[in-house]
Chemist: 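Provided herewith is a single structure, encoded as structure tokens, for subsequent inquiry.
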Amino acid sequence: MEDADFALFIRQVKQKTNIDLSQYKETQMKRRLTTLRLKHGYGTFASYWEALQRDERLMNEFLDRMTINVSEFWRNANRWAVLEERFIPAMLREGRTLRIWSAACSTGEEPYTVAMILDRLGALARADILATDIDANVIEKAKNGLYPDRSLKEVPDAYRRAYFTAAGEGYRVSDKLIRAVRFKQHNLLHDPFGSDYDLIVCRNVMIYFTEEAKHELYHKFAKALRPGGLLFVGSTEQIFTPTQYGLESTETFFYRRKPEHV
């Protein structure tokens, strides 16, 4: 009965929101949502679903808990240094406007990190930066650009001085960076992807998906890159057989779309 209760809940969520929880790892997702359901005193997912229909506040909390919103600036700083010192300068030498997509951007730390690097290289005006997430609430937080001190723990001092100002108990990212990033709601598992990106950043999200969902997404990411474009993934998301997606490993956690890939 418990499995059937959860399975019906998954179908109802997909029908109402187009969010397919069946493509997330079931054990992790079920544990997270069971904790949330019990916190509000609902004995079954059926009764919890009925409450979600009546209470917008409860629904917003559910959507926020269901999505994974953990991020920080310059996470794994040595990987961002490779992007700054090697890959972005090589892209800029080709002379065109760079198309960059920060997928599943959460509260905006990753696209703003990209924007900082571009600005330090004198190339922010030569880039189109799109940042997307499934959660409309975190997108609004990203647009506001306010962050707790813990989000800045890996930011190099020069960048901290140049792009952040104290605001209350935290920091606000500079208006220049906020203006440089376009934020948009987007469901990786449901919505179409763009194309001809020079760089796609999607980090520390794929670990929550099933192997089948990962397989589909890596194919879609590869097709969304221009030939020679880069996919930058998280530190626990190594792609073990990138060639099946038309990708090749070019540096730890960086994968390049092969020119011959169609």
Chemist: List for me each residue that meets side chain to side chain donor-acceptor pair (under 3.5 Å) alongside Thr44, sequence neighbours excluded, and say none if there are none.
Modeler: Ser47

Chemist: Going from CD on Glu169 to CG on Leu146, what distance comes out if it is rounded to the nearest 0.5 angstrom?
Modeler: 12.0 Å

Chemist: Find the distance between CD1 (Ile200) and OH (Tyr255) and round it off to the nearest 0.5 Å.
Modeler: 14.5 Å

Chemist: Side-chain donor-acceptor contacts of residues 149-161 below 3.5 Å, not counting sequence neighbours, with atom names and distances?
Modeler:
| residue | atom | partner | partner atom | Å |
| --- | --- | --- | --- | --- |
| Glu154 | OE1 | Ala77 | N | 3.3 |
| Tyr159 | OH | Glu84 | OE2 | 2.2 |
| Arg160 | NH2 | Leu152 | O | 3.0 |

Chemist: Dump the intermediate steps for side-chain contact (heavy atoms from CB on, under 4.5 Å) on Phe254 and Leu83, then the final yes or no.
Modeler: CA-CA 9 Å; Phe254 289 93; Leu83 190 67; 3.8 Å; yes

Chemist: In terms of the angle between their ring planes, are Phe232 and Trp80 parallel, tilted or perpendicular, with boundaries placed at 30° and 60°?
Modeler: perpendicular

Chemist: Find the distance between OG1 (Thr210) and CE (Met29) and round it off to the nearest 0.5 Å.
Modeler: 11.0 Å

Chemist: Not counting sequence neighbours, which residues clear salt bridge (charged side-chain N to carboxylate O under 4.0 Å, His left out) with Arg172? List them please.
Modeler: Asp175

Chemist: With sequence neighbours excluded, tell me which residues meet salt bridge (charged side-chain N to carboxylate O under 4.0 Å, His left out) with Arg226.
Modeler: Glu94, Asp198

Chemist: Check whether Arg37 reaches the backbone of Gly43 with its side chain - one donor and one acceptor, N or O, closer than 3.5 Å.
Modeler: yes

Chemist: Taking only distance into account, with no hydrogens and no angle test, what donor-acceptor pairs under 3.5 Å do side-chain atoms of residues 109-123 form with protein atoms, sequence neighbours excluded?
Modeler:
| residue | atom | partner | partner atom | Å |
| --- | --- | --- | --- | --- |
| Glu109 | OE1 | Thr107 | OG1 | 2.7 |
| Glu109 | OE2 | Thr107 | OG1 | 3.1 |
| Tyr112 | OH | Ala142 | O | 2.7 |
| Thr113 | OG1 | Trp74 | N | 3.4 |
| Thr113 | OG1 | Glu109 | O | 2.7 |
| Asp119 | OD1 | Lys176 | NZ | 3.4 |
| Asp119 | OD2 | Tyr163 | OH | 2.7 |
| Asp119 | OD2 | Lys176 | NZ | 3.4 |

Chemist: Using side chain to side chain donor-acceptor pair (under 3.5 Å) as the criterion, list what pairs up with Lys184, not counting sequence neighbours.
Modeler: none

Chemist: Look at the side chain of Glu237 and the backbone N and O of Val205, then say whether any donor-acceptor pair between them is shorter than 3.5 Å.
Modeler: yes

Chemist: Evaluate side-chain contact (heavy atoms from CB on, under 4.5 Å) for Leu58 paired with Tyr42, printing each intermediate quantity in order.
Modeler: CA-CA 12 Å; Leu58 206 60; Tyr42 295 102; 4.2 Å; yes

Chemist: Restricting to pairs with a member in residues 44-59, which pass salt bridge (charged side-chain N to carboxylate O under 4.0 Å, His left out), not counting sequence neighbours?
Modeler: Asp55-Arg57

Chemist: Working to the nearest 0.5 angstrom, can you tell me the gap between Arg86 CZ and Leu230 CG?
Modeler: 8.5 Å

Chemist: Can you tell me if Glu26 uses its side chain to pair, donor with acceptor, with the backbone of Ser22 under 3.5 Å?
Modeler: no

Chemist: Using the ring pair (Phe, Tyr, Trp, His ring centres under 6.0 Å) rule, collect all pairs that involve residues 126-149, keeping only residues at least two apart or in two chains.
Modeler: Phe73-Tyr147

Chemist: Looking at residues at least two apart in the chain, or sitting in another chain, which of them share a side chain to side chain donor-acceptor pair (under 3.5 Å) with Gln238?
Modeler: none

Chemist: Going by the rule side chain to side chain donor-acceptor pair (under 3.5 Å), which residues pair with Asn144 if we only count those two or more places apart in sequence or in a different chain?
Modeler: none

Chemist: Decide whether a cation-pi geometry holds between Lys30 and Phe6; the criteria are a distance under 6.0 Å from NZ or CZ to the six-membered ring centre and an angle within 45° of the ring axis.
Modeler: yes

Chemist: Name all residues meeting the salt bridge (charged side-chain N to carboxylate O under 4.0 Å, His left out) criterion together with Arg99; count only those two or more places apart in sequence or in a different chain, and write none if there are none.
Modeler: none

Chemist: Sequence neighbours excluded, which residues qualify as salt bridge (charged side-chain N to carboxylate O under 4.0 Å, His left out) partners of Lys214?
Modeler: Glu211

Chemist: Roughly how far apart are Tyr48 OH and Leu33 CG, rounded to 0.5 Å?
Modeler: 7.0 Å

Chemist: Kindly indicate, with the supporting measurements, whether the criterion salt bridge (Lys or Arg N to Asp or Glu O under 4.0 Å) is fulfilled by Arg256 and Glu251.
Modeler: CA-CA 9 Å; Arg256 189 186 305 279; Glu251 175 70 50; over 6 Å; no

